[in-house]
Amino acid sequence: MRITLRRTGGFANINPPPMVVDTSTLPRDKADALHQLVEQAKQVSTTTGQPSRGTDRFQYELTVDDQGKQHQLRFAEGADPALSGVVRQIQSLAKTG
């Protein structure tokens, strides 16, 4: 599974390059944990319960490519704990590895 996370917005509107994690390169336990977080995130409706958009809020686009099947989510910072969890995990894995 290849997961791409793009972040836009924020106070300065500085858009870093997308973070990419390929679960086939991760240790089994980390890959399994990320798979679980992604599956939970897919179940979240990103159109309800979002905090109001503002110039200082980050916007995220999460693209999951799983053996040619793509799933994409767009959501605002703080939209749902499941979405925040997958963002934190991807940020952590992209930094370390």
Side-chain angles (χ1 to χ4, degrees):
M1 180 184 300
R2 182 179 166 95
I3 303 164
T4 305
L5 181 67
R6 288 181 175 80
R7 186 187 80 190
T8 60
F11 181 72
N13 199 29
I14 297 172
N15 301 320
M19 291 172 265
V20 179
V21 176
D22 185 344
T23 59
S24 69
T25 65
L26 299 175
R28 180 70 179 205
D29 60 330
K30 289 185 179 187
D32 289 346
L34 185 54
H35 278 261
Q36 185 176 11
L37 285 171
V38 166
E39 289 306 313
Q40 290 172 355
K42 285 181 183 180
Q43 303 305 313
V44 174
S45 172
T46 60
T47 59
T48 58
Q50 281 194 5
S52 61
R53 292 181 184 238
T55 56
D56 60 344
R57 290 222 175 252
F58 291 124
Q59 304 297 313
Y60 293 98
E61 180 182 285
L62 179 71
T63 304
V64 179
D65 187 342
D66 190 8
Q67 299 177 359
K69 295 179 186 177
Q70 282 199 347
H71 188 87
Q72 194 170 67
L73 296 169
R74 290 189 175 102
F75 54 95
E77 175 183 21
D80 185 276
L83 297 171
S84 297
V86 78
V87 167
R88 282 190 306 272
Q89 187 69 13
I90 291 169
Q91 288 172 331
S92 171
L93 292 170
K95 288 180 183 175
T96 61

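Scope of the values below: all heavy atoms of this structure, side chains included, with no hydrogens, waters or symmetry mates. Please read these numbers as outputs of a predicted model, since none were measured by experiment.
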With rounding to the nearest 0.5 Å, note down the distance linking CE in Met19 to CG in Leu93. 11.0 Å
State, without any angle test, whether Arg74 and Gln72 hold a side-chain donor-acceptor pair at a distance under 3.5 Å. yes
Check the pair Val86 / Leu34 against side chain to side chain contact (heavy atoms under 4.5 Å, CB included), numbers first and verdict last. CA-CA 7 Å; Val86 78; Leu34 185 54; 4.2 Å; yes
Nearest heavy-atom neighbours spanning Ala41 and Leu83: CB-CD2, 3.7 Å
Side-chain contact, heavy-atom cut-off 4.5 Å: Leu37 with Gln40? yes
Of all heavy-atom pairs linking Val44 and Ala82, the shortest is CG2-CB, 3.8 Å
Within this structure, what is the CG-OG1 distance for the pair Asp65 and Thr4, rounded to the nearest 0.5 Å? 8.0 Å
Shortest non-hydrogen pair, Tyr60 vs Arg7, comes out as CE2-CG, 3.6 Å
Separation between CD of Glu39 and NE2 of His71, rounded to the nearest 0.5 Å: 8.5 Å
State, with a plain yes or no, whether a side-chain heavy atom of Val87 is found less than 4.5 Å away from one of Leu62. no
Residue list, side chain to side chain donor-acceptor pair (under 3.5 Å) with Gln67, at least two apart or on another chain: none
List the residues meeting side chain to side chain contact (heavy atoms under 4.5 Å, CB included) with Asp66, not counting sequence neighbours, and say none if there are none. Met1
Kindly indicate whether the side chain of Leu26, heavy atoms from C-beta on, has any atom under 4.5 Å from the side chain of Thr23. yes
Not counting sequence neighbours, which residues clear side chain to side chain donor-acceptor pair (under 3.5 Å) with Thr8? List them please. none
Point-to-point distance, once rounded to the nearest 0.5 Å, from OG of Ser84 to CD of Glu77: 8.0 Å
